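Have a look at the structure below, then the notes.
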Amino acid sequence: SAGHQARDMGYQVYCVGGFVRDILLGRSNLDVDLVVEGDGIKFARALAEKLDARVREHQKFRTAVIICADGRKIDVATARLEYYEHPAALPMVELSSIKMDLYRRDFSINALAVHLNPQNMGRLVDFFGGQRDLKDKVIRVLHSLSFVEDPTRIVRAIRFEQRFGFRIGAQTEKLIKNALELNIFHQLSGSRIFHELQMIFEEDTPLPCLIRMENYGLLKHIHPMLKLSSNVKNILTETEKVINWFQLLYLEEKIDKWILYMLGLLNHINEVQAGIIMQRFNFSQKKTRHIFSLRSQINSAMSSISAWHQDQGKLSSLYFILNPLPLEGLLFLMARVQKEELRKYVSHYITHLRDIQPQISGRDLKKMGLTPGPEFGRILKELKAAQIDGVACDRQEQKEWVRQ
Ligand code: CTP
């Protein structure tokens with residue numbers, strides 16, 4: 001219906017970018033990007049009305065997002081007609097605006113479009129050899145200034161290369177090296193660099209991307225202390241395993257993967273240097289404090305559980321050691337403990353112990369004639385411990401236990 005809508009308005013509309021790339025690769029992609037030769041905002045409004053959807057408009061960029069009732073989003077952009085003056089003062093030339101729009105993009109594989117107007121429905125628009133590069137599994141930029149114009153593309157090249165099992169083309173690789181020699185990374189704001197890193201952390205296997213970044217000398221361009229020593233590689237390998245383990249539990253809970261990767265990357269770096277690196281990433285005070293407090297919580301939990309294990313402590317003691325740690329802290333702890341047996345205990349805590357609640361509540365205590373107060377918290381905590389240790393597991397036993 002987008003194509004019909006465009007035709008009725010006298011516009012051309014194309015589906016572009018990652019969506020087209022992923023269709024050709026046979027991968028799923030839920031983000032639809034449309035480019036309109038015409039007024040993108042007007043088009044988005046009309047299409048949204050047909051789809052019974054909402055629109056969010058960004059007048060400044062001539063873009064809009066259509067938000068469907070089922071939560072799906074369609075990005076709509078306006079392909080601007082740009083006029084180029086010929087050097088010899090020949091008349092201005094009008095380039096097809098979809099071509100200009102695609103030319104501004106990062107890699108040939110992302111510069112493909114599919115025409116959606118009824119008379120051309122489904123026609124693939126490939127000005128820059130994107131199809132060939134998909135077939136040859138190559139990441140290639142469209143022009144030699146691409147990385148200078150947008151240095152974040154260096155990280156994107158690595159991300160796509162690793163995600164699809166492609167390789168960066170020889171010429172493109174040269175351009176990356178040239179751009180790095182120009183120190184272009186220094187001009188990038190911390191937030192933009194970290195945003196790109198965060199996208200890497202969201203990939204299925206971030207570690208190979210980080211190794212590739214290290215090989216290009218990218219990490220040290222970000223900060224000289226940011227290195228993938230064998231220690232860091234080990235801890236990140238373990239971290240990746242733990243994240244995969246956790247995701248296979250299919251819990252509702254979402255984790256902030258970036259926290260785990262930051263903890264891993266900073267694991268062997270002292271407080272002062274870690275602070276400087278986080279400053280380079282433009283972290284807020286709150287974010288920085290969170291990472292620091294996790295680091296110290298994890299360290300003290302490490303020594304407490306070792307001691308607990310040596311003393312053959314009760315399960316409830318393990319519970320109270322691990323209870324203050326947020327989920328990301330628990331997962332990183334799991335990645336850090338070396339002893340397999342201890343790791344099992346931490347995973348047992350995550351999958352079972354942390355959800356345990358005593359069989360009776362504060363309300364039950366009140367019904368039993370106890371007066372509410374700070375004492376309640378202590379009793380409930382002890383009840384929980386009794387339950388974890390299997391001393392008093394059902395309601396009756398727990399009531400007995402309270403009465404004593
Ligand atoms: N793009 C670009 N330069 C950038 C970022 C994005 O040229 N620095 C272009 C690319 O053509 C890309 C499109 O904008 O296809 C959309 O960007 P994004 O959503 O980040 O990329 P996707 O290709 O959809 O990647 P992903 O599969 O990771 O969502």
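What's counted below: heavy atoms across the whole structure, side chains too, no hydrogens, waters or symmetry copies. Quantities reported herein were computed from a predicted structural model and do not represent experimental measurements. Read the numbers this way: they start at 1 and go in the same order the structure lists the ligands and their atoms.
By the ring-ring contact (aromatic ring centres under 6.0 Å, His included) test, His186 pairs with no residue at all, sequence neighbours left out.
Proximity of the aromatic rings of Phe128 and Tyr103 is defined here by a centroid distance below 6.0 angstrom, and this criterion is met.
Closer than 4.0 angstrom to ligand 1 by heavy atom are Gly17, Gly18, Arg21, Arg105, Asp106, Asn110, Asp150, Thr152, Arg153, Arg156, Arg159, Phe160, Arg163, sorted by chain and number.
Between Phe283 and Trp258, the angle of the ring planes goes over 60°, which puts this pair in the perpendicular group of the 30/60° scheme.
For residues 243-257, the pairs satisfying side chain to side chain donor-acceptor pair (under 3.5 Å) are Glu253-Arg354, with sequence neighbours left out.
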Solution key, residues 162-170 side-chain donor-acceptor pairs under 3.5 Å, sequence neighbours excluded:
unit_1, atom_1, unit_2, atom_2, d
Arg163, NE, Glu203, OE1, 3.0
Arg163, NE, Glu203, OE2, 3.4
Arg163, NH2, Glu203, OE2, 3.0

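Residue Tyr319 is tested with Lys384, Gln387, Lys381 for a side-chain hydrogen bond (donor to acceptor under 3.5 Å, both in side chains); the sole match is Lys384.
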